[in-house]
Amino acid sequence: MDKVTLNIDGLEVVTDKETTVLQTALNNGIYIPHLCYHPDLKPTGVCRLCMVDLDGKVVISCRTPVEQGMVVKTRSPVVDMVRRINIEILVANHHVTCRGCPGSGRCALQKIMAYIRIDRKRVRRLRPAKEELPLDNSNPFFDYDPNKCVLCEICVHTCEKIQDGLKFVGRGYSTKITFFGDSSRCESCGECVARCPVGALIPKEDVVFQESPG
Ligand code: FES
């Protein structure tokens, strides 16, 4: 496979031509905040958190193919500002009660908040006063907590490749995921739960997931 050399935060890296800036950075131990990226899925670019400075322009790194001689900065005043706005909007619409959350400790949102040094008190003031939504426990294998969902789409696109059962319902920040009451389409492979970057999909106690067919 053809190789290209690019510079990320002052580090020269050599990578395959058919890859993206985000993948290359992560493969080389350089962290770029991301929520909707998964290496087995086509990048959707929905979270808008993986932005970087590319030769003076702000781009989404998960959808930017590498090119010979690129100069990438994972942080800059503009990148930090835009990323902060995006994460604050997300957090303001998310119930960030990490205490007791099953995703706590492995949560990608916690990691990004620490990286950006989000002021939780400020964000709490931004949060719209809304009722917590009920837990959806209709699936026999896992529960879905819409309050914790960051709408990264990873679970839906993962399921699309296996059984195509999980779908979106609603619009904007009111979007939820659902099997529309037909959980018989769920293969209980557990991939959606394993790939959830936060604590929105929670395995039911004593459930042993089947091995994924795909
Ligand atoms: Fe690139 Fe979400 S990881 S937009």
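Atom CD of E67 sits about 9.0 Å away from atom CG of D55, to the nearest 0.5 Å. Remark: E191 CD to K161 NZ distance equals 10.0 Å, nearest 0.5 Å. Atom-to-atom distance recorded for H38:NE2 and T44:OG1 is 12.5 Å, nearest 0.5 angstrom. To the nearest 0.5 Å, the span separating CE on M81 from CG on N86 amounts to 10.0 Å. Considering CG of D9 and CG of D53, their distance stands at 10.0 Å, rounded to 0.5 Å. Note that the OH atom of Y144 and the CG atom of L135 stand 10.5 Å from one another [nearest 0.5 Å].
With a 6.0 Å radius and a threshold of 12 heavy atoms from other residues, nucleotides or ligands, K3 has its NZ atom above the threshold. Annotation for E160: atom CD counts as buried by contact number, over 12 foreign heavy atoms lying within 6.0 Å. Few gaps surround CZ on R75; more than 12 heavy atoms of other groups in view lie less than 6.0 Å from it. The 12-atom threshold is exceeded at NZ of K167, counting heavy atoms of other residues, nucleotides or ligands nearer than 6.0 Å.
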Test side-chain contact (heavy atoms from CB on, under 4.5 Å) on C101 and K148; report intermediate values, then the result.
CA-CA 9 Å; C101 174; K148 301 255 165 26; 3.6 Å; yes

Hey, mind stepping through M70 and T5 against side-chain contact (heavy atoms from CB on, under 4.5 Å) and telling me if it holds?
CA-CA 8 Å; M70 268 180 167; T5 303; over 6 Å; no

Could you walk me through whether S104 and Q110 pass the side chain to side chain donor-acceptor pair (under 3.5 Å) check?
CA-CA 8 Å; S104 189; Q110 275 179 336; 3.0 Å; yes

Under the side-chain contact (heavy atoms from CB on, under 4.5 Å) rule, what do T15 and L6 come out as? Steps first, then yes or no, please.
CA-CA 8 Å; T15 187; L6 63 156; 3.6 Å; yes

Assess whether side-chain contact (heavy atoms from CB on, under 4.5 Å) is satisfied between F142 and S188, documenting all intermediate values.
CA-CA 9 Å; F142 61 82; S188 78; over 6 Å; no

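The hydrophobic cluster containing I154 does not contain F141, counting ILVMFWY residues as joined when their side-chain heavy atoms lie under 4.5 angstrom apart, directly or transitively. The hydrophobic cluster containing L109 also contains L49, counting ILVMFWY residues as joined when their side-chain heavy atoms lie under 4.5 angstrom apart, directly or transitively. The hydrophobic cluster containing F168 does not contain L41, counting ILVMFWY residues as joined when their side-chain heavy atoms lie under 4.5 angstrom apart, directly or transitively. Cluster membership check: L151 shares its hydrophobic cluster with L90, using side-chain heavy-atom separations under 4.5 Å among Ile, Leu, Val, Met, Phe, Trp and Tyr. Clustering ILVMFWY residues whenever any of their side-chain heavy atoms sit less than 4.5 angstrom apart, transitively, puts I30 in the very cluster that holds L54.
Remark: the backbone N or O of T19 is not paired with any side-chain donor or acceptor of D16 at under 3.5 angstrom.
By the 4.5 Å heavy-atom criterion applied to side chains, E153 and I177 are not counted as neighbours. Between N7 and V72, every side-chain heavy-atom pair lies at or beyond the 4.5 Å cut-off. Under the 4.5 Å side-chain criterion, counting only non-hydrogen atoms from C-beta, T158 is in contact with I162. When side chains are defined from C-beta on, K73 does not count as touching V52, because their heavy atoms never get closer than 4.5 Å. With a 4.5 Å cut-off on side-chain heavy atoms, D145 and D136 do not count as touching. For the pair V193 and I202, the minimum side-chain heavy-atom distance is 4.5 Å or more. Between I116 and D80, every side-chain heavy-atom pair lies at or beyond the 4.5 Å cut-off. Between L201 and R195 there is no side-chain heavy-atom pair separated by less than 4.5 Å.
Here the closest heavy-atom approach between residue C62 and residue G45 is recorded as SG-CA, 4.1 Å. Summarising the geometry of V4 relative to Q68, their closest heavy-atom pair is CA-OE1, 3.3 Å, with the distance given to 0.1 Å. When all heavy atoms of S61 and T20 are compared, the closest pair comes out as O-CB, 3.7 Å. Scanning all heavy atoms of the two residues, the minimum distance from V79 to T74 falls at CG1-O, 3.7 Å. Summarising the geometry of C107 relative to V198, their closest heavy-atom pair is SG-CG1, 3.6 Å, with the distance given to 0.1 Å. When all heavy atoms of C50 and R83 are compared, the pair lying nearest together is C-NH2, 4.2 Å.
Partner of T24 under the side chain to side chain contact (heavy atoms under 4.5 Å, CB included) criterion, chosen from V14, I32, V66: V66.
Using a 30° and 60° split on the angle between ring planes, Y37 and H34 fall in the perpendicular class, above 60°.
Salt-bridge annotation for D143 and K204: present, with a side-chain N of the basic residue lying under 4.0 Å from a carboxylate O of the acidic one.
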